[in-house]
Amino acid sequence: MLADIEDSPVSSLPTWHATLMRWDKASIAIYLNLVLSTGMSDSFEEYIVDSGKVLLLNDKRLERIAFLSSPDETFHYMTSRSDLFFQNALESKYIMETIQSQDLIDVFGNTRFVAKTVQDFQTRLMTLGVETGEPLQMTVYKASEADEQYYSGIEESDDTNYVIALPRFIQGIKLMSWGQRLPVGDYTYNAYITLYIDPQGISDIQIPLMFSELRQGYQNSILSLDQAIEALTKLQSESFLPNAEDGSMDEIEIDHVVLEYAPIQINDECTTFDLIPVWSFYSNYADDDNRTVISLNAYSGEQVF
């Protein structure tokens, strides 16, 4: 199997029972620290809305923080700068390039301000118990009238915006970043954090699946990578795997394998989740539009999705 493999030395893992963040004055005060370095004002007006609690920060600066009860957006920091960016992007005023994997190392070498901004933000997240890792990808937006040859160098300038996806981890094991559809018709939520950076710093932060409580469940031995591949091969031979037009998996090329936690919703209110370890086999991993995955329960080898 020719694929990038994110293996792990662990031989057993627990499940986790996770509760979506229930915002109160104490937790709101703590999470305000995430954006203090943006130079926001300490004064704000408080508004209560149906989907959660929204703080409007310094009306003159047009900064807002939304504390929500939605799994796909539990914390959202917004500024007038990001409003302008979204409007310009909607009107196709940028040329863009998405960078992933090893290419990100070279890009961060040319964008030291962006790299430091990301590192500082990750440090603040860690103090809140939110573990992140190396960026999954970065999309660079530059004004379309800019010289394309200069743009291809991915260097910092006054008209560049960076959208960065950060993966989440639970005690060193990645939380599945990309949402997936389950056999019963439901789907898992995207778990990655999105960070928007412009020449002035952070302009927008979006965090889904922010948990207020993680309770460890049962812990069992997990399949090794070789055993997981064996289980995948068995499913393939029995034609139990989807996504192939003729019912076989022969034409699907696996290019990324990772041991990760899949968040499975367990109540209708979308407030509680089971995090179960899975071996995920991705095809077109770097392609947001065509990425597919086969995930096997890391305990049993049974297909999860």
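Count residues from 1 along the sequence. Keep in mind that the numbers below use all heavy atoms, side chains included, and drop hydrogens, waters and symmetry copies.
Side-chain atoms of N161 do not come within 3.5 Å of backbone N or O of Y141 as any donor-acceptor pair. With hydrogens and angles ignored, the 3.5 Å screen pairs no side-chain donor or acceptor of W279 with any backbone N or O of V258. Side-chain atoms of E91 do not come within 3.5 Å of backbone N or O of N88 as any donor-acceptor pair. For the pair R81 (side chain) and I202 (backbone), a donor-acceptor distance under 3.5 Å is present. Between the side chain of R168 and the backbone N or O of Y192 there is no donor-acceptor pair closer than 3.5 Å. Checked by atom type and distance alone, the side chain of T74 pairs as donor or acceptor with a backbone atom of L209 at under 3.5 Å. The backbone N or O of Q119 lies less than 3.5 Å from a partner atom in the side chain of T123, making a donor-acceptor pair. Under the 3.5 Å distance criterion, the side-chain polar atoms of S283 are matched with a main-chain donor or acceptor of E253. Judged purely by atom type and a 3.5 angstrom limit, Q265 uses its side chain to pair as donor or acceptor with the backbone of N267. Judged purely by atom type and a 3.5 angstrom limit, E131 uses its side chain to pair as donor or acceptor with the backbone of G172.
Inter-residue side-chain proximity for N190 and S177 is flagged as unmet; no heavy-atom pair is nearer than 4.5 Å. A 4.5 Å side-chain heavy-atom check between V163 and L195 finds every atom pair outside the cut-off. Counting heavy atoms from C-beta outward, L275 and L214 have side chains that approach closer than 4.5 Å. With a 4.5 Å cut-off on side-chain heavy atoms, D4 and V257 do not count as touching. Contact annotation: the side chain of V278 never approaches that of Y261 to less than 4.5 Å [non-hydrogen atoms, C-beta and beyond]. The shortest distance between side-chain heavy atoms of L175 and P263 falls below 4.5 Å. With contacts defined as side-chain heavy-atom distances shorter than 4.5 Å, the pair V10/L259 qualifies. Annotation: side chain of Y196 is not in contact with side chain of D198 (no heavy-atom distance under 4.5 Å).
Annotation for P71 and F273: closest pair CB-CZ, 4.0 Å, computed over non-hydrogen atoms. Across all non-hydrogen atoms, the minimal contact from L223 to N297 is CD1-O, 4.1 Å.
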Test log, rule side chain to side chain contact (heavy atoms under 4.5 Å, CB included), inputs Q122 and L166
CA-CA 9 Å; Q122 289 179 300; L166 296 175; 3.8 Å; yes
Evaluate the criterion side chain to side chain contact (heavy atoms under 4.5 Å, CB included) for residue pair I264 and M176; output intermediate values, then yes/no.
CA-CA 11 Å; I264 307 298; M176 181 177 247; over 6 Å; no
Step-by-step ring-ring contact (aromatic ring centres under 6.0 Å, His included) determination, Y77 to F67
CA-CA 9 Å; Y77 169 67; F67 297 93; over 10 Å; no
Check the pair I276, V304 against side chain to side chain contact (heavy atoms under 4.5 Å, CB included), reporting the backbone distance first and the verdict last.
CA-CA 10 Å; I276 64 171; V304 179; 4.3 Å; yes
Please determine whether side chain to side chain contact (heavy atoms under 4.5 Å, CB included) holds for the pair Y285 and I254, giving the CA-CA distance in whole Å, both sets of side-chain angles, and the decisive distance to 0.1 Å.
CA-CA 9 Å; Y285 183 74; I254 304 298; over 6 Å; no
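Under a hydrophobic-cluster definition in which Ile, Leu, Val, Met, Phe, Trp and Tyr are linked whenever side-chain heavy atoms come within less than 4.5 Å, directly or via other members, Y282 and F169 are assigned to different clusters. Both I5 and L13 are members of a single hydrophobic cluster when ILVMFWY side chains are connected at heavy-atom separations under 4.5 Å.
Scanning for side-chain contact (heavy atoms from CB on, under 4.5 Å) contacts around E230 gives an empty result, with sequence neighbours left out. Taking R22 as the reference, nothing meets the salt bridge (Lys or Arg N to Asp or Glu O under 4.0 Å) condition, with sequence neighbours excluded.
Residue Y31 is tested with I65, I207, V130 for a side chain to side chain contact (heavy atoms under 4.5 Å, CB included); the sole match is V130. Between I164 and the choices V140, V118, T117, the side chain to side chain contact (heavy atoms under 4.5 Å, CB included) rule is met once, by V118.
Note that CG of L125 is 7.5 Å distant from OG1 of T127, once rounded to the nearest 0.5 Å. Distance check, rounded to the nearest 0.5 Å: CG of D204 to CE of M78 gives 7.0 Å. The CG atom of L235 sits 6.0 Å away from the CD atom of Q303 when rounded to the nearest 0.5 Å.
With respect to R124 and D120, no salt bridge is recorded, no charged nitrogen being found less than 4.0 Å from a carboxylate O. Between D83 and R64, at least one side-chain N (NZ, or NE/NH1/NH2) sits under 4.0 Å from a carboxylate O, which counts as a salt bridge.
Of the N and O atoms on the side chains of D226 and S224, not one donor lies less than 3.5 Å from an acceptor on the other residue. Residues S12 and Q219 have side chains that bring a donor and an acceptor to within less than 3.5 angstrom of each other. Inspection of the T19 and S212 side chains reveals no N or O donor paired with an N or O acceptor under 3.5 Å. Using modelled atom types and a 3.5 Å distance limit, the side chains of H256 and E6 yield a donor-acceptor pair. One side chain, S295 or S280, offers a donor N or O that lies under 3.5 Å from an acceptor on the other.
Between F75 and W23, the ring-plane angle classifies as tilted under the 30° and 60° cut-offs.
In this structure, R215 fails the cation-pi test against W16, since its NZ or CZ atom is not both closer than 6.0 Å to the six-membered ring centre and inside 45 degrees of the ring normal.
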